[in-house]
Trainee: 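I'd like to ask some things about the structure below.
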Amino acid sequence: MASKIKKIGILTSGGDGPGMNAAIRSVTRYALHYGLEVAGIMRGYQGLLEEDIIPMNHRSVSNVINKGGTILKTARSKDFATDEGKLKAAENLRKHNIDGLVVIGGDGSYRGAARLFEVSGIPSVGLPGTIDNDLMGTDQTIGCATAINTALESIDKIRDTAQSMERVFVVEVMGNKSGYIAMEVALAAGAEDVIIPERPFDYKTMHAEISEGNKKGKINWIIITAEGAAKAEDVANHITTETGLETRYVVLGHVQRGGTPSGQDRILSTRLGAAAVDLLLNGIYGKAVGVLQDEINVIDLKDATRRVHAEMEQRYELLKILT
Ligand code: F6P
């Protein structure tokens, strides 16, 4: 049976992440290969509401596979948040003859795409684009692996100075509701402690461990905190007050969102982009595509939001054993 979809729109929404361009490239070229037209929607849902839409051809995505950010730009749109906004977005899609939509974004973008599909029936498919790795149905989200590597590069450097000057360092990484980046970075950096939103944290124990270690000659400490769990500045101030040790803090911030995507992110994006187009061609809509255990995995968009990782407690215990 011939596909009902003749022209697809693609947008990136919410926080950008390394690998989004590789996904845009894959969606575009795979769709063109199967004879579809492709439209790039600029600045996410906001650009859709403002009809900021450009035609995409093979060349539009030349030399972007290795670039961070998103060539389509991205935004967080308040206007799209209402059902009225979504109906307007659907109207604009129809006006531009776009009969299928690929949304690359995180939790909020997925909720938007799910609701757009519900209220308008516009065939939509989501790709997990967020450094936070907090979406269901996929082992990894696009950008997370690169963000972890980027954070590690800085933390390895911080360790040099921490060791040389015998200091405690508190490093704040991204992750508002998700401590995934913080936990993975802490394990990979060999950090002494990590504070994440998913588990209660006992400051008294941390202060006691630092003071005790210091007496035994341990001279430097790296403590990672997820931005949504505790601010690095506050943690550093506590430590200085409670232990008397010289403490510095670093907020890595948006550095983690940029840069050259890792091989892992490029491959993930490339596979997911093609899978999204396959779904639309096969008349399977309202879905989120991921990779689980190395295989393409498809779940309902409305079920794909807000993943809380299992085994955070076990990872924390491992971190402490290895410290
Ligand atoms: O969702 C991705 C993310 O980078 C979060 O880790 C962070 O809390 C948030 O976006 C920051 O958003 P903004 O760039 O709007 O400040």
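The shown structure was predicted, so the numbers you read here are calculated from the model rather than taken from an experiment. All ligand and atom numbering here is 1-based and tracks the order in the structure. Starting from 1, each residue takes its place in the sequence as its number.
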Trainee: Okay, side chain of Thr70, backbone of Asn21: is any donor-acceptor separation there less than 3.5 Å?
Mentor: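 Between the backbone of Asn21 and the side chain of Thr70 there is no qualifying donor-acceptor contact (under 3.5 Å).
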Trainee: Look at the aromatic rings of Phe80 and Tyr45 and report parallel, tilted or perpendicular, splitting at 30° and 60°.
Mentor: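 Judged by the thresholds at 30° and 60°, the geometry between Phe80 and Tyr45 is parallel.
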Trainee: So if I only count non-hydrogen atoms and take anything under 4.0 Å from ligand 1, which residues does that give, chain by chain?
Mentor: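 For ligand 1, the residues that come within the 4.0 Å heavy-atom cutoff are Arg76, Thr130, Ile131, Asp132, Met174, Gly175, Asn176, Glu227, His254, Arg257.
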Trainee: Could you tell me whether Glu51 and Lys95 have a side-chain N and a carboxylate O separated by less than 4.0 Å?
Mentor: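 Answer for the salt bridge query: yes.
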Trainee: According to ring pair (Phe, Tyr, Trp, His ring centres under 6.0 Å), who are the partners of Tyr34, at least two apart in sequence or on a separate chain?
Mentor: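 If we apply the ring pair (Phe, Tyr, Trp, His ring centres under 6.0 Å) test to Tyr34, skipping adjacent residues, the hits are Tyr30.
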Trainee: Judged by modelled atom types alone, do Asn214 and Ser211 share a side-chain donor-acceptor pair under 3.5 Å?
Mentor: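 Per modelled atom types, Asn214 and Ser211 side chains form no pair under 3.5 Å.
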Trainee: Is Glu91 salt-bridged to Arg94, going by a charged N under 4.0 Å from an acidic O?
Mentor: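 No, no charged N to carboxylate O under 4.0 Å.
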